[in-house]
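Worksheet for the structure shown next.
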Amino acid sequence: MALLKNLIPHHSALSLVDNSTSLRQALQIHAHLLTSGAFTHDPSSFNSFLSSLALSSSPPLLSYSHFLLFTSPPQPPSFITVNSLIRAHSSAASDHGGLLGPAIHGVLTRFGCGTDRHVQSSLIHMYSSIGLVSHARVIFSDITDPDLVTITSMLTALTESGDVDSAREMFNEMSERDTVSWNAMIAGYVHLARSKDGLDLFGEMLNQGAKVNESTMVSVLTACAHLGALDQGTWVHAYIQKNRLKLNVTLGTSLIDMYSKCGSIERAMKVFWSMKEKNVFTWNSAINGLASNGATEECLELFELMERKGVVPDGVTFVGLLQGCCIAGLVQKGREMFSLMKDQYRIEPLHEHYGCMIDLYGRAGKLDEAVQFIHSMPIEPNVSAWRTLLHSCKMYNNVELGEYAMKEITNIEVNNDGAHVLLSNIYADNRIWKGVSSVRERMKERGVKKEPGCSVIEVHGVVHEFFVRGKSHPRYREIKLMLGEVDRRLRLAGYQANTKEVLFDIEEEDKEDALSWHSEKLAIAFGLVVLEDGVEIRIVKNLRVCWDCHHWTKFVSKTFDRKIVVRDRNRFHHFKDGLCSCKDYW
DNA sequence: ATAGGGTTAG
C-alpha cells in the first residue's frame, strides 16, 4: 500500500494523453503492482488508470481495459471514467468494424454501471457513428428529461442516418436552441446535399439573432460550394471578416473550397496564400481546385511546393493530381503520379484512383491501355471503372468495346442508368438505330430511370434550379422568349445544332422532342434575361455537359459577349469569346 | 494527483 501511495503521483502524471512514454511507465507500474501483489482497488487510481488506458486510443490497451474491468473489479468506475472508456472505444470503433463501442457498453452494463447525461450523449454518438441509430433511439427514449446537449446528440444521430426530416421535427420542437444545435441542423442538411435547406436555415438563424460561430460558417460555405453560390459565399467571407470570426485552418480551407468550386480559383488561391497555418486538407483543396479549374501546371507546381514544405500527401491529394493530369491529357505525368503514390508514399490506390487512370488513358484515346489497366487491377473493378471506359468508347466511337464494358457493368449492376444512356448514345453516334431502340426498350422494361439533369444558377444571391424543359420556373415565358432570340442570333452566327444528338442525345438528359432544352441552356437563358450586361453567368450542373450544349454555349459567349462558367460533374468550363478553357477536351 | 457530453473542411 505504501508502494502504491508512492506511485500515485507518477500514476497521475501518466494519465496525460499525449505522452506515450508516461503511458509506458504507467503500464510498468501497473505490472509491478500486479506481480508484487500490491495492486489494491484504490478507486481513484483505478479510475485514473482506466482513463489513461482509454485516452491512449490504442486498441490493445482498450482491450486491456476490458480485461481489467472483468478481472479486478473494485467499486464500479465513476461516471467520468465510464464516459472516457465509451468515448475512447467509440473513436476507435471505425478501425474494428464498430465492435468496440457496443462491447464496452455491454461490459459496463454487466458491471452495473449507470449512466448520466454525459454518458448518455456519448452512447448516442457512439451508436450513431457505427450506423446503429435504432440503438441510439433506445438510449434516447430511456432518458426522462433530455437536455439541450442530449437532444442535439440525437438530432445529429438522425441526420447521420439520413433522416434529416425527423431531425428537423426534433429541432422544431426544441424548447431552447443554442449555436451548436443550430449548427448541427444546418450541417445535417449540408451533409445530405440539401444545401438550399441548409442556407435557408442559416438565414433563419440570423433572423432569430442566434449567435453564429466558425462551425456555422464552415457548413454554410460547404453549402455555397455545393451550389456554386458565389454571391452568398462572398457574402459569408465578408461576414466572417466583419464579425471578426477566427479564420482557423478549417474555416480557411472551406473558403478555398468554396471559391474554387464556384470557379473563382484566383480568390481561392488568394485565401490559400494568406493562411499562415495550413494542413493537408488545405493543400488538397487548393490542388483539387487548380485541377478542376484546368490550371494543371500550377496544380503540379503546388504539389511540388507541398512536398518541399514537408507536408505529407494522402490519397485525396493524388485524386486531385490524377484528375489534373487527366483533364489536361498528360498521360505520362499521370502514370508517374500513380507510381509516386504507390511506391514512394505507400498509399494503397482506391477505386477513385483507378478510375482516374482509366479516364486518363481513355480520354487520350488509348483505349487498349485503358482495358489492359482494368484487367491488371488488384481489386475488382466497380461499375464506375467500366462506365469510365464506356465513356471513352463514346468519345472514340468504339462500339465493340462499349458493348463489352456494358456487359461487365450489367454483371455488377443491372439497372445502371448512366451506362444505358451512354451505350444508347454510342449506337446513335454510329447510326445503329436497332441498338438504340433495344437499349431504350430495356430501360423501359426494367424501369431504369435516368438521373434528371439539373442546373443551378445564382442570381443576386438567390439560387434558381432548372430541370429539363424548365416549365416549373415562374419566369418560364421570358426564358422561352430568350431561347428563341438566342436561337435566331446563333443561327446568324453560324451555329448548327447537332441534329444527330438532338434526336438521340440521351447521354445525359432525355431529349424527347426538339422543344425540350437541356437544363443548362435554360439556366444560361435565364442568366441572359436577368443579369446585367457584362456580368459573368455561372452555372452548376449535376451531370456532364453534352456536346451540343457545349457548342451552343461557346457561341453564346461570343454572340452575347458574356463570360460563362459551367461547372459540370467533373470539372469547370470557362467560356469566353467563343472558346472554352477545356479546349473541347472533356 | 486525476478522468467527462452535442456542431466544422479536402
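Every chain is numbered from 1, with letters handed out A, B, ... down the list of sequences. Just so it is clear, the model here is predicted, and its values are computed rather than measured.
The side chain of A/H125 lies closest to B/dG6, out of B/dT8, B/dG6, B/dG4. Which of B/dA3, B/dG6, B/dT7 sits closest to the side chain of A/S215 comes down to B/dT7. Here the side chain of A/S84 is nearest to one of B/dG5, B/dT7, B/dA3, namely B/dA3.
Within 4.0 Å of A/T150, counting heavy atoms only, lies at least one base atom of the nucleic acid. Residue contacts shown for A/S181 include a base, since a base heavy atom lies under 4.0 Å away. Using a 4.0 Å heavy-atom criterion, one finds that A/I287 contacts no nucleic acid atom at all.
Donor-acceptor pairing under 3.5 Å, judged by distance alone, is absent between the side chain of A/D116 and the base of B/dG5. Counting distance only, with no hydrogens placed and no angle test, the side-chain atoms of A/N279 and the base atoms of B/dA9 include a donor-acceptor pair under 3.5 Å.
Screening A/R177, A/E173, A/E176, A/M170 for a side-chain contact (heavy atoms from CB on, under 4.5 Å) involving A/I151 leaves a single residue, A/M170.
In this structure, A/W182 has its ring center at least 6.0 angstrom away from the ring center of A/F202. A/H191 and A/Y189 have their aromatic ring centers separated by at least 6.0 angstrom.
Across residues 301-328 of chain A, A/D314, A/V316 each have a non-hydrogen atom less than 4.0 Å from an atom of DNA chain B (numbered order).
Distances shown here put every side-chain N or O of A/R177 at or beyond 4.0 Å from the OP1 or OP2 atom of B/dT7. A/H191 has no side-chain polar atom (N or O) that falls below the 4.0 Å cut-off from OP1 or OP2 of B/dT7.
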